[in-house]
Amino acid sequence: MIDSYPDEPAGDFDAPPVEFDDDAGRTIEIRASEESDFDALVEMYDDFDPADRAQGIPPVRENRIRDWLETITTGDALGVVAWHGDAAVGHAILVPDEEGAYELAIFVTQDYQGARIGTKMLEALFGLAQDRGVERVWLTVERWNDPAIRLYHNVGFEDVDSESFEVEMTIRL
Amino acid sequence: MLFAAARQSTGMKVLLGLAESEFGYRALEETLERAAEAGDDLTVAVYGSADERAGLLDAVRTRRSPEGPEPDVVELEEPAGPALVELADTGDFDRLVIAGGYRSPMGKIQLGEVAEFVLTNAQTSITLVR
């Protein structure tokens with residue numbers, strides 16, 4: 001398991017809600033995820049571009065999406081949802097591992113990518129996480145996924161030395 | 001079906017690398033099923049802790065189809081990746097079957113250390129079950 005984290009915290013982050021205009025001029029609101037978001041998230045993932053799936057998630061087909069969402073939104077997991085009006089257009093999640101650290105994943109629907117929504121969601125999620133006392137966060141990302149790797153570095157993730165197929169990164173909050 | 005395109009009258013010489021994991025048991029079941037159908041000459045190489053290896057050997061015995069051939073069983077020394085590659089490449093196997101690893105807390109499929117080593121280093125054709 002990943003056990004190398006930066007010594008210093010990455011900084012202070014503001015907790016949601018956060019409202020801003022994205023780079024395409026759309027007003028986006030980021031809120032902490034609630035149980036009532038479930039169906040909007042199912043819809044978002046059901047329409048998700050298969051090319052944007054990563055390491056087997058989100059799963060395809062609605063029943064499997066529902067099962068997966070249930071496992072990643074229960075217990076101590078926390079998340080934020082980016083909304084454009086009534087539509088969920090992004091979702092960032094922290095799921096606890098067995099060592100008290102959290103695994104991160106983030107998804108932005110295709111039409112909303114490249115508009116700074118990912119950065120804003122991660123900052124809001126980190127704000128929420130700091131309020132809940134989360135300190136150590138890790139992720140894995142495919143080596144060829146340059147936009148995601150740039151996003152993670154921008155918000156303060158550092159690479160962990162690894163011989164794995166995937167890049168492993170950690171951040172201390 | 002694991003080897004849908006490979007239905008043939010004479011079986012292949014197949015090596016299954018088996019560890020204790022969600023995907024490992026699926027690999028075992030699919031490989032045993034295919035061996036019984038196609039008459040594969042199957043060797044199962046188990047790795048992991050001593051307890052895990054004992055459980056795996058048990059699983060091979062109990063899940064084997066009565067009509068199928070009895071697989072040869074080998075316990076691998078650590079590190080298991082290089083041991084599996086050496087066995088596959090020197091044992092004249094047609095195919096090496098390994099399981100795809102495990103799921104992260106998020107549900108991401110992660111290849112284990114052994115699967116990654118085998119995929120990059122073995123000369124034998126590989127089937128990855130996940």
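Chain A is the first sequence line, chain B the second, and so forth, proteins listed ahead of strands; every chain is numbered from 1. What's counted below: heavy atoms across the whole structure, side chains too, no hydrogens, waters or symmetry copies.
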Quick check: is [Y] connected to [X] through a chain of hydrophobic side chains (ILVMFWY, heavy atoms under 4.5 Å apart)?
| X | Y | value |
| --- | --- | --- |
| A/L139 | A/I117 | yes |
| A/F48 | A/I106 | no |
| A/V81 | A/F20 | no |

Is B/L111 in contact with chain A via its backbone, its side chain, both, or neither, using a 4.5 Å heavy-atom distance?
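When you check distances to chain A, only side chain atoms of B/L111 fall under 4.5 Å.
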Other residues, nucleotides and ligands only: do more than 12 of their heavy atoms fall within 6.0 Å of [atom1] on [X]?
| X | atom1 | value |
| --- | --- | --- |
| A/D49 | CG | yes |
| B/E78 | CD | yes |
| A/D14 | CG | no |

Under 4.5 Å from a heavy atom of chain B, the part of [X] involved:
| X | value |
| --- | --- |
| A/P96 | backbone |
| A/L104 | backbone |
| A/T140 | both |

Nearest atoms (heavy-atom pairs only) where [X] meets [Y]:
| X | Y | value |
| --- | --- | --- |
| B/K108 | A/A54 | CG-O, 4.5 Å |
| B/G107 | A/I57 | O-CG2, 3.4 Å |
| A/A105 | B/M106 | N-CE, 3.5 Å |
| A/V95 | B/P105 | CG1-O, 3.7 Å |

